[in-house]
Number of protein chains: 2
Amino acid sequence: MAGGSAAPGRSVTSRALAILDAFDASAPRLSLSEIAERSGTPLTTAHRLLAELTGWGALARRADGRYEIGRKLWDLGLLAPVQLELRQVASPFLLDVHTATRDTVHLAVRDGLCALYVERISGRESAPVVSQVGSRLPLHATGVGKVLLASAPDEVVAEVLAAPSRATRHTVVDPGRLRRELTEVRRRGWARTAEEMSLGTLSVAVPVRVERGSSTVVAAALGIVVPSHRRDLPRLVPVLEVAARGIGRALATTPVFR
Amino acid sequence: MAGGSAAPGRSVTSRALAILDAFDASAPRLSLSEIAERSGTPLTTAHRLLAELTGWGALARRADGRYEIGRKLWDLGLLAPVQLELRQVASPFLLDVHTATRDTVHLAVRDGLCALYVERISGRESAPVVSQVGSRLPLHATGVGKVLLASAPDEVVAEVLAAPSRATRHTVVDPGRLRRELTEVRRRGWARTAEEMSLGTLSVAVPVRVERGSSTVVAAALGIVVPSHRRDLPRLVPVLEVAARGIGRALATTPVFR
């Protein structure tokens with residue numbers, strides 16, 4: 001963070017943003033002193049910036065005195081393309097898959113070295129999953145992640161395979177085996193995992209391909225999670241493929257989608 | 001907006017926030033000059049602040065040079081209580097209602113003089129609706145809105161009834177008739193509308209009540225929308241009531257919900 005009076009603008013804006021940065025999924029509600037500490041901001045500065053951010057609606061002060069993300073940021077976040085251009089287009093197709101299968105269905109995009117979960121539909125009869133909308137999970141250990149990794153640039157694959165983390169005792173962390181899996185995903189057009197992210201569940205996933213002029217890009221991955229006693233996983237692949245093609249066509253006609 | 005060098009901190013933060021304020025649902029993608037104009041910021045200042053906001057991830061620059069809301073704000077927005085404490089708790093119940101009825105189901109909270117739509121599940125066979133997640137619609141013209149208005153403070157009711165807007169030729173705008181409707185909503189515990197927000201659809205809605213110690217508050221409204229040829233609207237009320245009670249119980253055990 002830039003500081004000092006030589007660049008007051010830079011400093012003030014970046015300090016305000018650092019205050020927002022103090023909040024994350026593991027710490028969605030923070031006290032003044034926690035915010036000051038997490039953002040590296042002096043207490044008096046934090047207090048003044050919090051007043052401005054709260055006045056605008058970026059943050060809200062709770063009855064217990066702690067701060068939380070305000071409705072204004074929720075509003076603005078809904079305008080992000082991941083929501084406006086992908087989630088809204090894909091949601092009805094995910095609901096179709098859920099209606100047909102009653103299983104947990106989710107949609108993810110690659111965000112650096114992670115699979116970012118953009119939408120999820122999960123019913124009462126569905127297998128419990130760790131991912132929520134907004135979750136980031138490792139690319140190599142999830143069905144949607146393997147699909148996204150199979151179409152990622154070489155340097156991303158190299159970086160993931162350099163240090164694949166272990167989530168369960170079934171997580172595949174051997175780089176050679178992961179490489180062979182990715183080749184297989186590219187060849188057959190879908191990925192599967194067996195208790196690699198969480199014990200007790202299996203998953204399959206397919207790419208959502210979007211035609212862009214003469215080329216085709218993998219814009220997202222569509223996956224389904226079932227309890228590990230289920231034996232009908234291969235039957236789910238064509239269900240996902242039909243939905244993924246529908247999403248791909250809908251995205252291709254969304255002029256703003258990149 | 002404060003300006004001048006006497007309060008550089010106030011000025012700079014509020015200018016950065018004014019730039020974010022330039023974006024809304026009707027203008028989710030803006031050029032530099034549009035942002036400068038909409039936020040009342042000089043071009044050079046806007047350019048510098050955009051660089052900072054883009055660097056942090058609040059905004060992203062598109063291939064066509066325009067700016068859009070970035071993934072970072074989407075991430076932070078997901079931490080707002082309307083998402084974290086209400087939407088995530090209620091979603092499975094909305095899916096239950098949709099699975100049972102195949103109709104459009106939505107959940108709204110009161111935001112000032114509007115019904116703010118927090119969650120929506122709508123399938124291919126469901127009636128098309130104008131509301132999306134994040135939409136704000138008039139309290140007096142929607143089913144969920146009438147439910148929320150029926151439990152709103154007197155001054156909110158007075159303000160809405162002072163100038164009720166007309167959305168269709170069926171919108172009830174007579175203050176006396178609206179008052180009688182609200183009394184009826186309180187008495188029987190549900191609201192209905194007939195083509196008052198959009199032609200061709202009917203809606204019913206019920207309150208989501210949450211017990212807070214010895215008092216009960218209406219935390220949200222749960223509604224369903226059907227095509228206007230349907231004659232089974234009263235049958236849907238108990239379906240909604242069961243789901244609303246489930247949501248209310250789940251919210252009561254969510255310690256953080258206010």
Side-chain angles (χ1 to χ4, degrees), chain A residues 5 8-18 20-21 23-25 27-29 45 48-49 52-53 55-58 60 62-63 68-84 87-88 91-92 95-96 98-99 102 111 116 120-124 132-134 256 258, chain B residues 5 8-18 20-21 23-25 27-29 45 48-49 52-53 55-58 60 62-63 68-84 87-88 91-92 95-96 98-99 102 111 116 120-124 132-134 256 258:
Chain A
S5 55
R10 175 89 202 282
S11 166
V12 174
T13 305
S14 64
R15 272 185 187 161
L17 296 174
L20 296 181
D21 258 334
F23 293 82
D24 62 30
R29 288 170 285 276
T45 310
R48 179 172 54 78
L49 291 171
E52 281 206 80
L53 291 166
W56 183 72
R62 300 172 61 90
E68 64 192 1
I69 298 296
R71 209 169 266 182
K72 184 81 159 266
L73 279 194
W74 183 74
D75 277 355
L76 280 175
L78 293 179
L79 303 178
V82 75
Q83 171 86 22
L84 207 59
R87 191 175 176 184
Q88 282 187 13
S91 275
L95 187 57
D96 291 345
H98 176 79
T99 301
R102 298 291 163 93
D111 190 48
L116 170 63
R120 187 189 76 163
I121 297 187
S122 188
R124 231 156 270 289
Q132 294 184 335
V133 171
V256 290
R258 306 177 302 174
Chain B
S5 56
R10 176 87 200 281
S11 168
V12 173
T13 306
S14 65
R15 272 184 186 162
L17 297 175
L20 296 181
D21 258 333
F23 294 82
D24 62 31
R29 288 170 286 276
T45 310
R48 179 173 56 75
L49 291 171
E52 280 205 81
L53 291 166
W56 183 72
R62 301 172 61 89
E68 65 192 2
I69 297 296
R71 209 169 266 181
K72 184 81 158 267
L73 279 195
W74 183 74
D75 277 355
L76 280 175
L78 293 180
L79 303 178
V82 75
Q83 170 87 23
L84 208 58
R87 191 175 175 183
Q88 283 187 13
S91 275
L95 186 58
D96 291 346
H98 176 80
T99 302
R102 297 293 163 94
D111 189 47
L116 170 64
R120 188 190 76 163
I121 297 187
S122 187
R124 230 157 271 289
Q132 295 183 336
V133 170
V256 288
R258 305 176 300 173

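Naming convention: chains lettered A, B, ... in sequence-line order (proteins, then strands); numbering from 1 in each chain. What you see below is based on every heavy atom in this structure, not just the backbone, and it leaves out hydrogens, waters and symmetry mates.
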Item to complete: Tell me, with the steps shown, if Thr99(B) and Thr99(A) meet side-chain contact (heavy atoms from CB on, under 4.5 Å).
Response: CA-CA 7 Å; Thr99(B) 302; Thr99(A) 301; over 6 Å; no
Between [Y] and [X], is there a side-chain heavy-atom distance shorter than 4.5 Å?
| X | Y | answer |
| --- | --- | --- |
| Leu95(A) | Leu95(B) | yes |
| Leu79(A) | Trp74(B) | no |
| Val12(A) | Glu52(B) | no |
| Arg15(A) | Thr13(B) | no |
| Leu116(B) | Arg71(A) | yes |
| Asp75(B) | Phe23(A) | no |

Worksheet item: With sequence neighbours left out, what residues match Asp24(A) under salt bridge (Lys or Arg N to Asp or Glu O under 4.0 Å)?
Response: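 Counting only residues at least two positions away or on another chain, Asp24(A) forms a salt bridge (Lys or Arg N to Asp or Glu O under 4.0 Å) with Arg38(A).
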Discussion item. Checking Arg120(A) now: which residues fulfil salt bridge (Lys or Arg N to Asp or Glu O under 4.0 Å) with it, not counting sequence neighbours?
Written reply: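 Scan of Arg120(A) (salt bridge (Lys or Arg N to Asp or Glu O under 4.0 Å), adjacent residues dropped) gives none.
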Item to complete: Considering only heavy atoms and a distance below 4.5 Å, find which of Ile121(B), Leu17(B), Asp21(B), Leu73(B) pairs most often with chain A.
Response: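 The answer is Leu17(B).
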Worksheet entry | Residue pair Gly70(B) / Ala80(A): nearest heavy atoms and the distance that separates them |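 In this case the closest contact between Gly70(B) and Ala80(A) is O-CB, 3.9 Å.
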Item to complete: Go through the atoms of Leu84(A) and report whether side chain, backbone, both or neither lie under 4.5 Å from a heavy atom of chain B.
Response: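 Contact with chain B involves the side chain of Leu84(A) alone.
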